[in-house]
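Each residue takes its place number in the sequence, starting with 1. Side-chain atoms are counted along with the backbone in the values below, which use heavy atoms only and exclude waters and symmetry mates. Just so it is clear, the structure is predicted and the values come from calculations on it, not from any experiment.
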Amino acid sequence: MEGLNYYEGDKKNVVIPEGTRAIVVEGFHNEGLKEGISPDLTICFKTTDLKDVETIDMPDSVELIGTKAFQCCTKLKSVNFSKNLKKICLHAFSGSVLKSITLPKSLKEIQTWAFVGSGIADIYYDGTVFDFDKIDTSGAFLSIGRLHCSDCTVDFTRKDYYIDELKYEGTMEEWNNNMNSHWLNKRSAKIKCSDGEIINQKLK
C-alpha cells in the first residue's frame with residue numbers, strides 16, 4: 001500500500017530502525033494512528049517478510065507492537081524489547097517458538113492471545129511482582145513456567161506455593177486488610193512485612 005513505511009532490512013535477524021514508535025503489519029497498519037503515533041514513526045511489515053524471522057532487535061523508542069505484527073514468525077527465537085514499550089496487541093507473537101522473554105517495566109497492556117502457542121518457560125521482568133500484577137495481561141499467555149521479577153520468582157509449575165518468600169513494604173495489618181483474597185496471598189509461603197512475617201498454612 002502506498003504511503004506506508006515498510007521494513008526493508010534483514011528478514012532473518014530483524015533490526016527495527018532507531019526512532020520507530022510503532023511496529024505493525026499490513027491489514028493493521030493504522031494501529032499506530034489510533035495511539036496517536038505518526039505513520040512516519042511506524043514500521044510496517046508485509047506478512048511475506050515474516051516467515052524466516054529468527055531474532056528481533058528494537059530500539060527503546062518503540063512503544064507499540066501491533067495486532068498480529070509477528071504472528072507469522074514460526075521460527076522466532078528471541079526478541080530484544082524496547083525499554084519504553086507500552087502495549088503489545090492481539091496475537092502479536094502467537095504461534096512463535098519463544099521460550100524466554102524479557103519484558104520492560106514500562107508495559108501497561110498485553111492483549112489477549114499475544115503469546116498464545118509460544119509455550120514460554122521463563123519471563124524476566126524488570127519490575128516487582130506487584131508491578132507486573134498491574135499490567136493488563138488477560139488471556140495474553142496460554143501458560144507460563146516461571147516469572148522472574150526484581151523481588152521474587154513466581155514458579156507456576158508448582159502445585160503448592162508459587163512464591164517461597166515475598167517482601168511487602170506495608171505492615172502485616174495492611175497486608176491482611178488489602179491482600180487477603182489476592183492470589184499473591186494465596187500462593188506465597190511467607191510474606192515479609194515491615195513489622196513482621198506472615199506464614200501461610202501449607203496448601204492441600
Side-chain angles (χ1 to χ4, degrees), residues 21-23 35 56 58-67 78-94 96 98-204:
R21 290 182 59 196
I23 303 170
E35 302 291 328
I56 300 169
M58 62 185 71
D60 290 337
S61 56
V62 174
E63 301 172 17
L64 170 76
I65 300 174
T67 296
S78 69
V79 181
N80 179 28
F81 288 101
S82 161
K83 289 183 172 63
N84 294 301
L85 186 63
K86 296 178 181 178
K87 186 176 182 178
I88 301 175
C89 296
L90 289 160
H91 282 295
F93 293 95
S94 62
S96 71
L98 290 169
K99 297 302 179 186
S100 173
I101 56 175
T102 298
L103 297 176
K105 189 178 178 180
S106 57
L107 265 172
K108 303 297 182 186
E109 182 180 5
I110 308 175
Q111 292 187 340
T112 307
W113 303 307
F115 289 94
V116 169
S118 297
I120 295 175
D122 294 280
I123 294 178
Y124 296 88
Y125 177 65
D126 291 342
T128 68
V129 70
F130 299 99
D131 293 327
F132 190 86
D133 190 59
K134 293 175 184 176
I135 302 172
D136 183 358
T137 61
S138 180
F141 304 93
L142 182 63
S143 63
I144 304 172
R146 289 161 296 277
L147 171 63
H148 308 272
C149 299
S150 61
D151 57 343
C152 69
T153 293
V154 187
D155 189 346
F156 294 107
T157 67
R158 291 170 55 174
K159 294 182 179 180
D160 52 357
Y161 292 116
Y162 295 158
I163 303 170
D164 289 322
E165 183 176 293
L166 180 63
K167 185 177 181 180
Y168 179 65
E169 293 182 355
T171 65
M172 295 171 67
E173 181 179 3
E174 288 172 334
W175 178 271
N176 288 324
N177 289 339
N178 301 324
M179 302 291 289
N180 188 52
S181 61
H182 198 280
W183 74 271
L184 286 172
N185 185 52
K186 297 176 181 179
R187 290 294 190 170
S188 297
K190 180 193 296 184
I191 299 102
K192 296 189 71 174
C193 301
S194 60
D195 59 347
E197 297 179 349
I198 298 173
I199 308 297
N200 282 326
Q201 294 182 351
K202 188 172 178 61
L203 293 176
K204 295 182 180 179

Expected output: side-chain S150 to main-chain G127 donor-acceptor under 3.5 Å:
yes

Determine whether a donor-acceptor pair (N or O, by modelled atom type, separation under 3.5 Å) exists between the side chain of N176 and the backbone of M172.
yes

Does atom CH2 (W175) have a neighbourhood of more than 12 heavy atoms from anything else shown, all under 6.0 Å?
yes

If you look at every heavy atom in M179 and L184, which pair is closest and at what distance?
CE-CD1, 4.1 Å

I'd like to know if the side chain of D60 and the backbone of N84 have a donor-acceptor N/O pair within less than 3.5 Å.
no

Within a reach of under 6.0 Å around CD of E173, are more than 12 heavy atoms found that belong to other residues, nucleotides or ligands?
no

Would you give the length of the straight line joining atom CD of E63 to atom NZ of K86, rounded to the nearest 0.5 angstrom?
4.5 Å

Side-chain donor or acceptor of Q111 paired with backbone N/O of C89 under 3.5 Å:
no

Which distance, rounded to the nearest 0.5 Å, do you find between the CD1 of I135 and the NZ of K87?
14.0 Å

Atom of A92, atom of G66 and distance for their closest heavy-atom approach
CB-O, 3.7 Å

Determine the minimum heavy-atom distance between L64 and E35, stating which atoms define it.
CD2-CG, 4.0 Å

As an exercise, state the distance from OG1 of T102 to CG of D122, rounded to the nearest 0.5 Å.
9.5 Å

Could you point out which residue of V116, I88, I101 forms a side-chain contact (heavy atoms from CB on, under 4.5 Å) with F93?
I88

Would the distance check show the side chain of D151 and the main-chain N or O of L166 forming a donor-acceptor pair, the cut-off being under 3.5 Å?
no

For T153 and R146, which heavy atoms make the closest approach, and how far apart are they?
CG2-CB, 4.5 Å

What class does the angle between the rings of F130 and Y168 fall in, given that below 30° is parallel, 30 to 60° is tilted and above 60° is perpendicular?
tilted

Contact check, side chains of L147 and Y162, non-hydrogen atoms, under 4.5 Å
no

Is atom CD of E169 surrounded by more than 12 heavy atoms (other residues, nucleotides or ligands) closer than 6.0 Å?
no

Could you tell me whether the side chain of T137 and the main chain of A140 form a donor-acceptor pair under 3.5 Å?
no

Students often mix this up, so state it plainly: with edges at 30° and 60°, are the rings of Y124 and H148 parallel, tilted or perpendicular?
parallel

In Å, rounded to the nearest 0.5 Å, how long is the span from CG of N178 to OG1 of T171?
8.5 Å

Nearest 0.5 angstrom please: T67 OG1 to W113 CH2, how far?
11.5 Å

Output field: ring centroids F132/F141 closer than 6.0 Å:
no

How close do S82 and M58 get, heavy atom to heavy atom, and via which atoms?
N-CG, 3.3 Å

Would you say that L103 contacts I110 through its side chain, given a criterion of any heavy-atom pair below 4.5 Å between the two side chains?
yes

Is any side-chain N of the basic residue among D164 and R158 closer than 4.0 Å to the acidic one's carboxylate O?
yes

Do R187 and N200 have side-chain heavy atoms sitting under 4.5 Å apart?
no

Minimal heavy-atom distance between K105 and D126, with the atoms involved, is N-CB, 3.9 Å

Any chance you could measure C193, atom SG, to K167, atom NZ, to the nearest 0.5 Å?
11.5 Å

